[in-house]
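Ligands are counted one by one from 1 in listed order, and the atoms in each one are counted from 1 as well. We use all heavy atoms of the structure for the numbers below, so side chains are in, but hydrogens, waters and symmetry mates are not.
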Amino acid sequence: MTELHRNFIAGEWTAGTDVAKNINPSDLSDVVGEYARADRAQADAAIAAARAAFPAWSMSAVQDRANMLDTVGNAILARKDELGRLLSREEGKTLPEGIGEVARAGQIFKFFGGEALRLAGEKIASVRPGVDVEITREPIGVVGIITPWNFPIAIPAWKIAPALCYGNCVVFKPAELVPGSAWALADIIVKAGFPAGVFNLVMGKGSVVGEAMIADRRVDAISFTGSVATGRALAAKAVARMAKVQLEMGGKNPLVVLDDADLPTAVNCAVNGAFFSTGQRCTASSRLIVTAGIHDRFIAALGERLAKLKVGDALATGTDLGPVVDDSQLKQDLDYIGIGQREGATLAFGGQVLERPKKGHYLSPALLTGATNAMRSSREEIFGPVASVIRVKEYDEALAVANDTDFGLSAGIVTTSLKHASHFKRASQAGMIMVNLPTAGVDYHVPFGGRKGSSYGPREQGSYAREFFTVVKTAYTLP
Ligand code: ADP
């Protein structure tokens with residue numbers, strides 16, 4: 001009999017009211033595991049437990065928090081190969097990518113173990129003689145954490161670790177498609193010894209568990225990563241009841257390639273940024289904006305590289321691109337390839353559904369050329385191994401096209417010109433800028449986030465995470 005992976009509510013492993021099967025996108029006959037689905041009452045119970053645990057946890061010793069977070073980080077790192085395999089099996093990114101993501105999650109917990117000891121305030125002279133002004137940070141309270149499927153352990157880690165570090169209690173709802181990594185992370189967190197109610201895992205549907213968290217006044221803050229539509233709807237409801245909200249949503253990230261670029265660097269950045277992790281990253285380079293002098297050479301070299309990429313089982317040695325995560329995402333990818341072609345772009349490479357020995361959602365990396373920035377395929381997030389090449393005259397036009405988007409997460413430029421690189425860093429309307437590097441792939445200890453429609457609220461990761469996970473207090477004293 002398959003073991004049922006249960007939710008963790010108020011210090012107890014608890015069966016759900018329903019069970020979800022976790023399916024391997026590389027092999028649809030492979031059931032990764034069975035996972036409990038909570039109902040609304042169980043979501044309520046988790047929120048109540050978090051609320052009850054908050055007063056004591058908010059005053060807990062920072063040394064205890066540091067020790068527990070560090071223990072979690074070490075446990076993740078010690079099991080990175082096994083957990084990386086689980087992640088790749090349920091999500092479909094390649095094994096090296098899966099292991100890399102798990103290692104990052106471990107490092108994030110260790111980083112916030114240290115941060116627990118570094119939370120400092122300020123003391124400022126008052127304008128009134130004899131009065132002291134102290135500025136300190138306190139935890140917000142109960143934090144609802146809602147995560148997507150494309151980074152099944154790193155995104156939960158970069159929200160849960162700072163939440164606990166600063167003394168908040170957590171109700172964590174992972175994406176339905178990837179409960180395996182979330183459950184394994186929860187198991188490690190539980191074993192690290194956090195008091196009952198401080199951390200709760202509530203697997204289940206967004207429309208049930210997610211909605212319960214958004215509507216509940218006992219949840220002080222919501223940190224969400226996912227689609228634009230869900231994020232916007234969630235924010236409208238949560239802000240209406242004055243909850244603190246942090247959203248990370250889509251991207252339509254540009255990679256600008258200038259005439260003076262080193263061609264191999266440009267091709268590496270494009271292949272990695274647009275297609276690795278099957279293009280299923282919010283920081284993926286989906287718009288390749290290329291100046292006229294290098295355009296044809298760039299497309300020829302990129303096509304050669306794409307032809308060499310091996311699309312296959314995420315767990316197989318030598319696979320460069322794993323499958324698309326599920327059939328609805330595959331349909332979306334194919335729909336956008338069709339939309340791009342109907343709008344006048346040319347499918348210059350790939351975009352074919354591939355047969356493999358095991359049935360899965362395999363798609364060859366798709367390159368649309370002759371695209372314009374006005375096309376829907378250039379404006380809406382596709383979230384798959386699909387990139388459009390937009391030809392421009394020179395740098396000024398490239399910059400204008402790069403910024404002409406509703407999104408603003410990451411933006412890259414490949415150039416050997418210090419002048420253009422420096423200008424682009426300043427003039428790009430994105431939260432993260434990459435010079436001669438892929439738009440995707442970020443460090444774990446520095447701020448992550450975007451502008452415009454990509455993000456809302458303070459940055460995630462690094463010491464900047466405290467802006468969201470703490471609230472500032474100003475205290476005046478006349479001794
Ligand atoms: P994606 O499918 O790209 O992960 P979604 O925005 O659909 O993007 O999902 C992101 C997370 O939001 C998932 O955990 C999902 O269950 C959750 N979610 C979906 N719908 C809602 C909703 N109405 N309220 C709260 N959370 C939701």
Side-chain angles (χ1 to χ4, degrees), residues 7 16 18 20 22-23 25 35-40 42-44 46-47 87 90-93 143-160 170-183 185-186 200-216 219 221-241 243 245-252 277-284 286 324-333 335-336 361 380-384 386 407 409 453-456 460:
N7 282 315
D18 189 8
N22 185 357
I23 306 292
Y35 293 84
R37 260 197 200 131
D39 63 4
R40 179 138 196 153
Q42 290 179 317
D44 281 352
I47 294 166
L87 194 162
E90 71 173 347
E91 197 271 350
K93 64 183 67 174
V143 182
I145 290 176
I146 301 177
T147 57
W149 51 260
N150 66 327
F151 284 92
I153 196 163
I155 293 178
W158 87 44
K159 295 178 189 294
I160 295 168
V170 168
V171 180
F172 167 41
K173 193 212 91 65
E176 294 96 302
L177 278 177
V178 290
S181 303
W183 190 91
L185 174 62
N200 302 271
L201 170 72
V202 197
M203 298 176 287
K205 291 190 172 173
S207 57
V208 178
V209 175
E211 290 286 345
M213 286 157 64
I214 295 160
D216 199 312
V219 178
I222 304 266
S223 181
F224 166 90
T225 300
S227 64
V228 174
T230 307
R232 281 177 185 257
L234 175 160
K237 289 182 211 159
V239 170
R241 67 167 181 82
V245 176
Q246 175 181 57
L247 308 175
E248 292 297 346
M249 300 174 289
K252 197 70 197 173
S277 296
T278 321
Q280 298 175 149
R281 297 188 283 192
C282 47
T283 47
S286 48
V324 172
V325 74
D326 71 353
D327 52 355
S328 71
Q329 184 60 53
L330 178 62
K331 183 177 175 310
Q332 177 165 313
D333 297 345
D335 283 351
Y336 272 109
H361 308 293
E380 297 169 18
E381 186 174 52
I382 302 173
F383 221 63
V386 184
F407 296 102
L409 189 56
S454 290
S455 304
Y456 178 83
E460 305 201 65

How close does the nearest protein non-hydrogen atom get to atom 3 (O) of ligand 1, and which residue and atom is it? W149 NE1, 3.7 Å

Tell me whether the centres of the aromatic rings in W149 and F383 are closer together than 6.0 Å. yes

Please list, in number order, the atoms of ligand 1 under 4.0 Å from a heavy atom of E211. 22 (C), 23 (N), 24 (N), 25 (C)

Residue and atom name of the nearest protein heavy atom (relative to atom 17 (C) of ligand 1), distance in Å to one decimal: I146 CG2, 3.6 Å

For atom 7 (O) of ligand 1, the closest protein heavy atom turns out to be T230 OG1, 3.7 Å

For N150 and Q280, which I'm curious about, is there any donor-acceptor pair between the side chains at under 3.5 Å? no

Can you list the steps and then say if E211 with K237 is a salt bridge (charged side-chain N to carboxylate O under 4.0 Å, His left out)? CA-CA 9 Å; E211 290 286 345; K237 289 182 211 159; 3.0 Å; yes

Locate the shortest heavy-atom distance separating G250 from S454; write the atom from each residue and the value. O-OG, 2.8 Å

Is there a donor in the side chain of Q246 and an acceptor in the side chain of Y456, or the other way round, less than 3.5 Å apart? no

Please tell me if atom 9 (O) of ligand 1 is touched by the protein, where touching means a protein heavy-atom distance below 4.0 Å. no

Numbered atoms of ligand 1 (with element) below 4.0 Å of I214, judged on heavy atoms: 24 (N), 25 (C)

Chi angles and distances behind the side chain to side chain contact (heavy atoms under 4.5 Å, CB included) call for M213, K173: CA-CA 9 Å; M213 286 157 64; K173 193 212 91 65; 4.1 Å; yes

Contacting atoms of ligand 1, where contact means under 4.0 angstrom from a heavy atom of P148: 4 (O)

Please give me the minimum heavy-atom distance between E460 and S223, naming the atom from each residue. OE1-OG, 4.0 Å

For atom 26 (N) of ligand 1, state which one of G231, G250, G206, G144 supplies the nearest heavy atom. G206

F383, portion touching ligand 1 at heavy-atom distance under 4.0 Å: neither

N/O to N/O below 3.5 Å, does that happen between E176 and ligand 1? yes

Distance to the ring centre below 6.0 angstrom and angle to the axis at most 45 degrees; does that hold for K93 and F151? yes

Under a 4.0 angstrom heavy-atom cut-off, which atoms of ligand 1 come close to P174? 14 (O)

One finds that the ligand 1 atoms under 4.0 Å from a non-hydrogen atom of A175 are 14 (O)

Check each atom of ligand 1 against the heavy atoms of F224 and keep those under 4.0 Å away; list them by number with element. 6 (O), 10 (C), 11 (C), 12 (O)

Can you name the atoms of ligand 1, numbered from 1 with element, that are less than 4.0 Å from a heavy atom of S227? 5 (P), 6 (O), 7 (O), 8 (O)

Checking E90 side chain against S181 main chain: does a donor-acceptor pair fall under 3.5 Å? yes

Does any N or O of ligand 1 fall below 3.5 Å from an N or O anywhere on T147, backbone included? yes

Does any non-hydrogen side-chain atom of N200 lie less than 4.5 Å from one of F172? no

